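One structure is given here, and the rest of the page talks about it.
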Amino acid sequence: MGDQVRRNMPLFPIGIIKQLTELSARQVRYYEENGLITPARSEGNRRLFSFNDVDRLLEIKSLLERGVNLAGIREIFEMKERGISVPNLHYKTEPSEGDIHKNLKKELYQAGRFGKTSLIQGELSRFFN
DNA sequence: GTTCTGACA
DNA sequence: TGTCAGCA
């Protein structure tokens with residue numbers, strides 16, 4: 001069994017996700033409505049999340065904290081799926097809204113120039129400092 | 001006990 | 001986003 005398939009295996013119910021991501025069930029469901037995540041379903045229609053879903057949610061949380069809205073996050077994910085790299089979206093300090101837009105624009109531009117290399121991943125490492 | 005959908009004093 | 005209802 002490859003790691004890839006392991007990471008995509010539907011394992012946790014929303015309760016576990018709440019603890020792992022510190023997001024409310026309401027938020028998680030809302031993100032699903034907006035196409036940011038697509039968790040599997042159990043026979044009883046319960047959502048089952050994979051490790052990839054957890055990473056995805058942590059990334060959504062991170063981007064949201066930087067002022068990116070759901071539509072923006074959706075576009076960032078779409079670009080990734082198209083193989084375009086989306087570097088340095090991890091700021092240490094909180095930039096102004098203007099800076100966010102300026103930097104996002106610059107980063108997306110650079111992403112287009114340099115091939116695909118750095119993707120934001122390994123969010124789970126936060127739990128294993 | 002937990003999760004789901006829909007709705008909003 | 002929170003929270004409550006009414007189910008499964």
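We name chains A, B, ... by the order of the sequence lines, and we start the count at 1 in each one. Remember, predicted model here, so these are calculated numbers, not experimental data.
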Q: Could you check whether A:G15 gets within reach of a base, just the sugar-phosphate, or nothing at all, counting any heavy atom under 4.0 Å?
A: sugar-phosphate

Q: Would you indicate what A:R47 reaches in the nucleic acid, counting non-hydrogen atoms under 4.0 angstrom: base, sugar-phosphate, or nothing?
A: sugar-phosphate

Q: Measure the shortest side-chain to side-chain distance between A:I17 and A:D53 over non-hydrogen atoms and say whether it is less than 4.5 angstrom.
A: no

**Q.** Distance below 4.0 Å between A:Y31 side-chain N/O and C:dT1 OP1 or OP2
**A.** yes

Q: Kindly indicate, with the supporting measurements, whether the criterion salt bridge (Lys or Arg N to Asp or Glu O under 4.0 Å) is fulfilled by A:E81 and A:R56.
A: CA-CA 13 Å; A:E81 291 173 45; A:R56 191 119 164 156; 3.7 Å; yes

Q. In whole angstroms, how far is the P atom of B:dA7 from the CD atom of A:E33?
A. 11 Å

Q.
What verdict does the side-chain contact (heavy atoms from CB on, under 4.5 Å) test give for A:I37 and A:I60, after you've listed the backbone C-alpha separation in whole Å, the side-chain angles of each residue and the deciding distance to 0.1 Å?
A. CA-CA 9 Å; A:I37 53 173; A:I60 291 170; 3.9 Å; yes

Q: Any strand is fair game: report the nucleotide pairing with C:dC7 by Watson-Crick or G-U wobble, both distances under 3.5 Å, or none.
A: none

**Q.** Pairing partner (Watson-Crick or G-U wobble, both distances under 3.5 angstrom) of B:dT3
**A.** none

Q: Would you mind reading off the distance between A:I16 atom CD1 and B:dG1 atom P, rounded to a whole angstrom?
A: 17 Å

(Q) Output the rounded distance in Å from CG (A:L23) to C1' (C:dT1). (A) 12 Å

Q | Value in whole Å for how far the P atom of B:dT3 lies from CD of A:E32 | A | 14 Å

Q) Which residue lies toward the 5' end of DNA chain C, A:R46 or A:Q27, if each is placed at its nearest nucleotide? A) A:Q27

Q. Can you tell me how far P of C:dT1 sits from CD of A:E22, to the nearest Å?
A. 14 Å

(Q) Can you measure A:R26 atom CZ to C:dA5 atom P for me and round it to whole angstrom units? (A) 16 Å

Q) In the strands shown, is C:dT1 matched to any nucleotide by a Watson-Crick or G-U wobble pair with both distances under 3.5 Å, and which? A) none

Q: Mind calculating the distance between CG (A:L48) and P (B:dT3) to the nearest angstrom?
A: 11 Å

Q) Between A:S62 and A:E59, does any side-chain donor sit less than 3.5 Å from a side-chain acceptor? A) no

Q. Where do A:T21 and A:K61 come nearest, in terms of heavy atoms and distance?
A. O-NZ, 3.0 Å

Q. Could you state the CD1-P distance from A:I14 to C:dG2, rounded to the nearest angstrom?
A. 12 Å

